[in-house]
Amino acid sequence: MAQPLPPREAGKFIAENSKDVFVEAAGVRSLAEKLFEKIGRNEITLKGWKSLHELNPQDSGEDAVNWVFFADTLNFSFWSESEEKKYMVKYKGKEYSGYWSICAAMNRTLDEGIPLTTASYYSSITLEQLKHVLRSDSDTPIPMIEERLEILHQTGKILMEKFGGSYLNCIRMSRNSAVKLMQLVVDNFPSYQDEGNFKGKTVAFYKRAQILVGDTWGVLEGKDDGCFHDIQNITMFADYRIPQALAHFGAMKYSEELLKKLKEGWLFRNGDVEEMEIRGCSIWAVELICEQLQKIFEKHGKPMSNEINPVLIDHFLWDYARDYRNEINAIPFHRVRCIYY
């Protein structure tokens, strides 16, 4: 069986053969200029992973990386059917929705003394226990609870059998290679195997595996075990929010037919052609934005730090999509219920 095209090559191939989603050169250049200004003002930095997000672990030990592994193992399908029907978690006086709701639920549980992020615990957690852990403070429960339970059991058992029960051992086996760590995770944990078939080729997106690598880089602050010499080879994380931001900034464009489906709230399936075009073109758009940024830095006679890469650009776009959701909702996100994002 042929090896899948890795995310960057998959993105390029999909963008070159896409019928309903288009990467727009003018929008890519314009967004790169905006990002250059923000980089100059130190608004896009690796330190932002901790400093801007209070729910993320603030230390860099084994517990912190195991927290990251647990969070990204469940990092999928948080979107709500409507603004009125959101899964919400209250923690330390604040309400959280979307991805942050699960982080808040995790921290709430750890504060209760439950060893939630320990593989031996979550590999045999019961449905009732998980429902308690992920309980909602609104009338809307978290989606896909049974799938989350199954994935935790499978992932926890594999982590214990192959990696001594700790994600830190996976990190150390990668020997400071982000790409090796991504491949290690994909090869060993089935729920991270985010692949599809596009125009006769197997293409890999690996959204959760790559965000796991990006979050590992963030929690370890790019130091010691997290000093990845090839972090720039990790692409953006192809989900449902980043494409929305890219379309908002004009770096991507949808056909009228696809836009109509999005505005009607069409429910796509994972593996639909339009869904893969949206995800693949998102990857390629961010790769081109990085290339454009490199040119802008050269034009200004400055070196571009290795820290500026698709991971940090993804962080900026994702935060923007969350913070300015009313502004960007003119182009709705594509709706998919699946375990991959």
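Just so you know, these numbers come straight off a predicted model, no measurement behind them.
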| request: State plainly whether the residues R335 and E81 are in salt-bridge range, i.e. N to O under 4.0 Å. | output: yes
| said: Tell me if a side-chain donor or acceptor on S18 pairs with a main-chain N or O of F22 at a distance below 3.5 Å. | reply: no
| task | Could you note down all residue pairs passing ring pair (Phe, Tyr, Trp, His ring centres under 6.0 Å) where residues 165-213 supplies at least one of them, sequence neighbours left out? | result | F69-Y167, F69-F189, F163-F189
| query | Do S101 and I142 pass the side chain to side chain contact (heavy atoms under 4.5 Å, CB included) test, and can you show the C-alpha distance, the side-chain angles, and the key distance before you say yes or no? | reply | CA-CA 9 Å; S101 59; I142 192 168; 5.7 Å; no
| query | Heavy-atom distance under 4.5 Å between the side chains of D63 and L110, does that happen here? | reply | no
| What residues, two or more places apart in sequence or in another chain, satisfy salt bridge (charged side-chain N to carboxylate O under 4.0 Å, His left out) together with E112? | R135
| query | With D319, which residues qualify under side chain to side chain donor-acceptor pair (under 3.5 Å), at least two apart? | reply | H53
| field | Closest approach of K85 to S80 (non-hydrogen atoms, all atoms of both residues) | value | O-CB, 3.3 Å
| message | Assess, by modelled atom type and distance only, whether the side chains of E275 and H334 contain a donor and an acceptor separated by less than 3.5 Å. | response | no
| query | Hey, are T118 and S120 close enough side-chain-wise for a donor-acceptor pair under 3.5 Å? | reply | no
| task | Could you pull out the closest heavy-atom pair between A105 and V133, with the gap in Å? | result | CB-O, 3.5 Å
| query | Are H248 and Y320 an aromatic pair by the rule of ring centers under 6.0 Å? | reply | yes
| Would you say R108's side chain and Y91's backbone share a donor-acceptor pair under 3.5 angstrom? | no
| field | Nearest heavy atoms of Q129 and S124, plus distance in Å | value | OE1-O, 4.4 Å
| Is a side-chain donor or acceptor of S136 paired with a backbone partner of D139 at a separation under 3.5 angstrom? | no
| query | Under 3.5 Å, is there a donor-acceptor pair between the side chain of S174 and the main chain of I171? | reply | yes
| task | Scan residues 285-304 for pairs that pass ring pair (Phe, Tyr, Trp, His ring centres under 6.0 Å), counting only residues two or more places apart or in two chains. | result | F36-F297, F36-H300
| Do M173 and L184 touch side chain to side chain, with heavy atoms closer than 4.5 Å? | yes
| How would you list, by chain and number, every residue that makes a salt bridge (charged side-chain N to carboxylate O under 4.0 Å, His left out) with D59, sequence neighbours excluded? | none
| request: Sort and list the pairs that fulfil salt bridge (Lys or Arg N to Asp or Glu O under 4.0 Å) and have at least one residue in residues 5-16, not counting sequence neighbours. | output: R8-E287, R8-E291, K12-E16
| message | Side chains of V28 and F249, heavy atoms from C-beta outward: is any pair under 4.5 Å? | response | no
| Under 3.5 Å, is there a donor-acceptor pair linking the side chains of Q154 and S191? | no
| task | With rounding to the nearest 0.5 Å, note down the distance linking CG in L35 to CD1 in I44. | result | 4.5 Å
| message | Looking at V186, is its backbone amide N or carbonyl O close enough to the side chain of Q193 to form a donor-acceptor pair, meaning the two atoms are under 3.5 Å apart? | response | yes
| Y340-F76 aromatic ring centre distance below 6.0 Å | no
| Quick one: salt bridge (Lys or Arg N to Asp or Glu O under 4.0 Å) pairs with a partner in residues 200-228, sequence neighbours left out? | K50-E221, R172-D225, E221-K223
| With sequence neighbours left out, which residue pairs that include part of residues 21-31 fulfil the side-chain hydrogen bond (donor to acceptor under 3.5 Å, both in side chains) condition? | S30-K34
| Nearest heavy atoms of Y99 and A71, plus distance in Å | OH-CB, 3.9 Å
| note | So CD1 of I339 and CD1 of I151: to nearest 0.5 Å the spacing works out to 4.0 Å
| request: Dump the intermediate steps for side chain to side chain contact (heavy atoms under 4.5 Å, CB included) on H315 and W49, then the final yes or no. | output: CA-CA 8 Å; H315 288 178; W49 192 89; 3.6 Å; yes
| Is there a donor-acceptor pair under 3.5 Å between the side chain of R279 and the backbone N or O of M276? | no
| message | When you measure from the side chain of D272 to the backbone of F268, do you find a donor-acceptor pair of N or O atoms at a distance under 3.5 Å? | response | no
| task | Verify, without hydrogens or angle tests, whether Q58 (side chain) and N56 (backbone) share a donor-acceptor contact under 3.5 angstrom. | result | yes
| query | Are S282 and W284 side-chain neighbours, meaning at least one heavy-atom pair lies under 4.5 Å? | reply | no
| Any donor-acceptor N or O pair under 3.5 Å, side chains D230, N233 | no
| query | Of the options N329, D239, I278, which is the one that meets Q244 in a side chain to side chain contact (heavy atoms under 4.5 Å, CB included)? | reply | N329
| Between Q294 and I308, is any pair of side-chain heavy atoms under 4.5 Å apart? | no
| said: Give me the atom names and distance for the closest heavy-atom approach of G214 to F237. | reply: CA-CZ, 4.4 Å
| field | Side chains of W67 and N107, donor plus acceptor under 3.5 Å | value | yes
| query | When you look at Y341 and R241, which way does the side chain to side chain contact (heavy atoms under 4.5 Å, CB included) test go after all the steps? | reply | CA-CA 10 Å; Y341 63 98; R241 281 293 184 201; over 6 Å; no
| query | Would F316 and L312 satisfy side chain to side chain contact (heavy atoms under 4.5 Å, CB included), going step by step from the backbone distance to the final call? | reply | CA-CA 6 Å; F316 165 77; L312 285 198; over 6 Å; no
| query | Between the side chains of E307 and T45, is a donor N or O closer than 3.5 angstrom to an acceptor N or O? | reply | no
| query | Within a reach of under 6.0 Å around CZ of R269, are more than 12 heavy atoms found that belong to other residues, nucleotides or ligands? | reply | no
| said: With a 4.0 Å cut-off on N to O distance, would you call K92 and E54 a salt bridge? | reply: no
| query | Where do A32 and I289 come nearest, in terms of heavy atoms and distance? | reply | CB-O, 4.0 Å
| message | What I'd like to find out is whether the side chain of F333 reaches to under 4.5 Å of the side chain of L262, using heavy atoms alone. | response | no
| said: Contact between N197 and V203 at the side-chain level, heavy atoms closer than 4.5 Å - yes or no? | reply: no
| Partner residues of D314 under the side chain to side chain donor-acceptor pair (under 3.5 Å) criterion, sequence neighbours left out | none
| task | Quick one: list whatever passes side chain to side chain donor-acceptor pair (under 3.5 Å) with K162, sequence neighbours left out. | result | N188
| request: Scan for salt bridge (Lys or Arg N to Asp or Glu O under 4.0 Å) pairs involving residues 146-159, sequence neighbours excluded, and state none if there are none. | output: none
| field | From CA spacing to verdict: ring-ring contact (aromatic ring centres under 6.0 Å, His included), Y122, F70 | value | CA-CA 9 Å; Y122 63 78; F70 184 96; 5.2 Å; yes
| message | Do L134 and P141 have side chains that approach each other closer than 4.5 Å (heavy atoms only, starting at C-beta)? | response | no
| request: Using a strict 4.0 Å threshold on nitrogen-to-oxygen distance, state whether K261 and E274 make a salt bridge. | output: yes
Donor-acceptor pairs are to be reported for all side-chain atoms of residues 250-257 against protein atoms at under 3.5 Å, with residues two or more places apart or in another chain.
residue	atom	partner	partner atom	Å
S255	OG	D20	OD1	2.6
S255	OG	L258	N	3.1

